[in-house]
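As structure tokens, the structure follows; a few thoughts come after it.
Just so you know, ligand 1 is whichever comes first in the structure, and atom 1 is the first atom listed for that ligand.
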Amino acid sequence: MKRDFISFADFTRAEIESLLEDAARLKAELRSGKGSRPLLGKTLAMIFEKPSLRTRVTFETGVKQLGGASVYLAPEDIRLGARETVPDIARNLSRWVDMILARTFSHKAMLELAEHSTIPVINGLSDLLHPCQVLADCQTILEQRGRLEGQVVAFIGDGNNVVNSWLEAAAKLGIVFRLACPPGYEPDAKVLADARAAGAQIEVVHDAGAAAKGADALYADVWTSMGQEAEAQVRRTAFAAYQVNAALLARAKKDALVMHCLPAHRGEEITGEVLDGPRSVVLEQAENRLHAQKAVMVRLGAQAS
Ligand code: CP
Ligand code: NVA
């Protein structure tokens with residue numbers, strides 16, 4: 001039976017912990033020049049409805065390092081659901097390639113791709129979730145702190161796709177998650193309710209200073225996500241008090257990590273000084289996208305064959 005990685009809900013806690021161990025091993029192997037090629041002869045189709053730097057480069061590079069190949073499908077190439085239906089695309093790709101990575105607007109399209117594919121589908125960001133990002137972020141916190149259980153992650157900003165994946169990760173891994181967002185920009189109600197029902201420790205507040213107090217990590221993302229560009233001006237006003245800056249960082253633990261999924265808008269959701277400062281692990285997060293996603297591909301690829 002093929003498996004997908006659409007959300008953290010697709011895996012048990014033990015499976016996610018084992019993915020994180022694999023990611024650390026793959027990182028060490030790459031650095032020592034001893035990488036293996038478990039995806040030899042396999043091909044990854046990469047569907048992108050939105051732009052990308054990190055997701056595209058890390059998946060393309062990752063599958064290549066594992067012995068496989070990739071095919072990049074730009075928005076104008078297949079026009080997901082417009083030139084032909086999502087199920088038809090899923091059924092065709094399943095005949096040629098071994099795995100699909102997709103970045104979509106609608107999460108429904110992501111689920112449809114998975115439902116109609118006989119091969120694994122990996123979520124490289126939808127409007128609802130960004131699980132690959134948060135998996136790499138967990139790897140980063142684990143490296144820096146030695147554990148995830150009980151770590152307090154304070155996200156300052158929009159209750160968006162990255163936040164929704166954090167809610168799921170908090171439920172799975174015992175991370176304490178705080179979100180400070182403006183009223184009206186709360187996370188998805190169902191994802192939040194499910195995470196709380198699963199026992200996650202989550203606080204949603206409107207005061208950035210309160211969320212940052214004593215936190216192990218401060219996390220920022222853009223105020224305006226891809227697809228929301230028409231709201232940029234309204235959002236700049238709504239989010240003005242939700243910037244990760246030196247004053248906010250001073251409220252967190254002395255050795256708190258500064259995290260951002262990138263791309264960053266310096267001077268908006270985070271100051272350049274903090275983004276480039278000594279507590280910032282944003283490039284570790286970006287690097288770990290490569291290793292964490294390789295672990296996902298090896299796991300799903302092995303199960304599918
Ligand atoms: N963080 C992230 O997913 O970056 P890209 O949009 O560049 O892929
Ligand atoms: N929330 C952002 C994440 C970018 C990686 C977006 O969806 O544009």
Check your understanding: Between Leu125 and ligand 1, which part of the residue brings a heavy atom under 4.0 Å of the ligand: side chain, backbone, both or neither?
Key ->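 None of Leu125 does.
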Check your understanding: Below 4.0 angstrom, N of the basic side chain to O of the carboxylate: do Lys213 and Glu203 qualify?
Key ->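 No, no charged N to carboxylate O under 4.0 Å.
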Review point. Are any of the side-chain nitrogens in Glu143 or Lys27 under 4.0 Å away from the carboxylate oxygens of its partner?
Key: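 Here Glu143 pairs with Lys27 in a salt bridge, since their nearest N and O are under 4.0 Å apart.
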Check your understanding: Looking at Tyr185 versus Tyr242, is the centre-to-centre ring distance below 6.0 Å?
Key ->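 Between Tyr185 and Tyr242, the centre distance exceeds or equals 6.0 Å.
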Check your understanding: Counting from 1, what ligand 2 atoms have a heavy atom of Asn160 closer than 4.0 Å?
Key ->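 Answer for ligand 2: 1 (N).
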Point to revise | Per-atom contacts, ligand 2 versus Asn161 - under 4.0 Å to a heavy atom | key: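 Going through ligand 2 atom by atom, the ones under 4.0 Å from Asn161 are 1 (N), 2 (C), 6 (C), 7 (O).
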Check your understanding: Among Met226, Arg103, Gln285, which residue places a heavy atom closest to atom 6 (O) of ligand 1?
Key ->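 The residue whose heavy atom sits nearest atom 6 (O) of ligand 1 is Arg103.
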Review point. Looking at ligand 2, does any of its N/O atoms fall within less than 3.5 Å of an N/O of Leu125?
Key: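 So ligand 2 has no N or O lying under 3.5 Å from an N or O of Leu125.
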Check your understanding: Has ligand 2 got any nitrogen or oxygen that is less than 3.5 angstrom from a nitrogen or oxygen of Arg103?
Key ->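 Not met; the criterion fails.
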Practice item. Heavy-atom distances under 4.0 Å are what count here, so tell me which part of Leu262 touches ligand 2: side chain, backbone, both or neither. Key: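 Leu262 to ligand 2: backbone contact only, side chain stays beyond 4.0 Å.
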**Study point:** Heteroatom distance test (His130, ligand 1): nitrogen or oxygen, under 3.5 angstrom
**Key:**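 Among all N and O atoms of His130, at least one is under 3.5 Å from an N or O of ligand 1.
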Check your understanding: Does the N or O separation between Leu262 and ligand 1 drop below 3.5 Å for any pair?
Key ->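 Between Leu262 and ligand 1 (N or O atoms, distance only) the closest approach is under 3.5 Å.
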Practice item. Check whether any side-chain heavy atom of Leu66 lies under 4.5 Å from a side-chain heavy atom of Leu26, and answer yes or no. Key: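 They are in side-chain contact.
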